[in-house]
Amino acid sequence: MKKLLAFTAIAAAATGVFAQDFPAGKTVTLVVPFTAGGPTDRVARDLAEAMQKTLGTTIVVDNTAGAGSSIGTTKVARAAPDGHTLLLNHIAMSTMPALYRKLPFNVENDFEYLGMVNEVPMTLIGKPGLPANNYKELTSWIEANKGKINLGNAGLGAASHLCGLLFQSALKTDMTAVPYKGTAPAIADLLGGQIDLLCDQTTNTTSQIEAKKVKAYAVTTSKRLTTPAVLKDLPTLAESGLKDFEVTIWHGVYAPKGTPAPVVKKLNEAIRAAMKDPGFIKRQEGLGAVITTDKRVEPAEHKKFVSAEIAKWGPIIKAAGVYAD
Ligand code: ASP
């Protein structure tokens with residue numbers, strides 16, 4: 001017993017020393033649980049660029065995509081809790097607990113919360129040749145094409161999935177869900193006409209709308225957007241007749257449970273520094289993101305917020321009767 005205590009004390013002291021030195025020139029991996037080139041990836045790459053200035057080490061983005069972000073999230077839950085493997089995920093952290101019957105991790109118990117990063121509105125967009133030119137025409141087109149419409153998503157629990165679910169339930173219609181590992185490939189198929197509609201973050205859709213490559217119908221926020229300029233004239237779904245419709249996507253950063261407190265503190269400081277980095281702000285705001293400047297950038301508030309989101313979305317998802325085994 002004595003031996004064990006002595007060993008534990010030495011191990012704790014060693015962890016403390018390593019924690020103080022973190023990242024000690026060693027690369028940090030930021031896992032993105034969706035495909036490269038999509039909106040979550042976009043946030044992660046901009047954030048990594050800003051955070052590495054503070055941390056003084058390289059941050060590599062690792063796209064471990066699939067199953068609505070649950071694969072990449074599991075990878076981080078099981079990684080060594082040393083601050084060198086992190087996760088950037090979005091609202092899926094609050095929808096997965098209700099959508100997956102067997103989730104290999106517990107969102108509230110298996111992670112250290114490092115801070116929220118931003119909130120991003122979504123847009124409802126359509127394939128290039130779609131005959132509807134505005135939201136009103138879209139609803140008539142949906143009515144006339146019942147049973148034939150393909151709606152893309154990034155897997156069960158993804159933002160696009162949640163938005164699509166709510167949209168169908170508000171319209172009392174069923175569309176065929178086409179899952180991808182992220183919305184970068186979903187947009188590619190939308191452009192090619194393989195799917196008809198997609199709900200996706202403005203960080204992914206703004207440039208496509210600007211180039212008039214896709215049809216844009218509405219934003220999913222409760223108020224119209226004031227920026228980017230190209231999205232200003234889009235109506236909200238709520239004002240278009242879908243009362244109370246609101247989906248805003250938030251992104252946060254996580255480390256495996258047990259990551260030492262000094263490491264959590266350093267990582268949080270790097271996130272807060274990124275929130276003030278002019279390059280990060282410019283790139284993200286240019287795509288419609290709202291940088292987190294309130295207390296949710298603190299780990300404890302970030303965690304409180306995610307728990308509130310789990311409580312908010314759980315009953316809505318359960319009522320929709322959608323789940324994965
Ligand atoms: N926008 C995607 C979603 O629907 C994820 C992604 O590809 O970043 O959640």
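Read the numbers this way: they start at 1 and go in the same order the structure lists the ligands and their atoms. Hydrogens, waters and symmetry mates play no part in the numbers below; they use all other heavy atoms, side chains included.
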Look at E269 together with K265 and state whether they make a salt bridge at an N to O cut-off of under 4.0 Å.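 Here E269 pairs with K265 in a salt bridge, since their nearest N and O are under 4.0 Å apart.
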If the criterion is any heavy atom closer than 4.0 Å to an atom of ligand 1, which residues make the list?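 Answer by chain and number: F34, P39, T40, H90, A154, A158, A159, S160, G182, T183, D200, Q201.
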Can you say whether the rings of F105 and F111 are parallel (under 30°), tilted (30 to 60°) or perpendicular (over 60°)?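 F105 vs F111 ring planes: perpendicular.
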Close side-chain approach of [X] and [Y], heavy atoms under 4.5 Å:
X: K232; Y: L225; answer: no
X: E137; Y: N134; answer: yes
X: M122; Y: T202; answer: no

Which pairs, with at least one residue in residues 267-307 and sequence neighbours excluded, count as a ring pair (Phe, Tyr, Trp, His ring centres under 6.0 Å)?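 Non-adjacent pairs meeting ring pair (Phe, Tyr, Trp, His ring centres under 6.0 Å): Y113-H302, W250-F305, Y254-H302.
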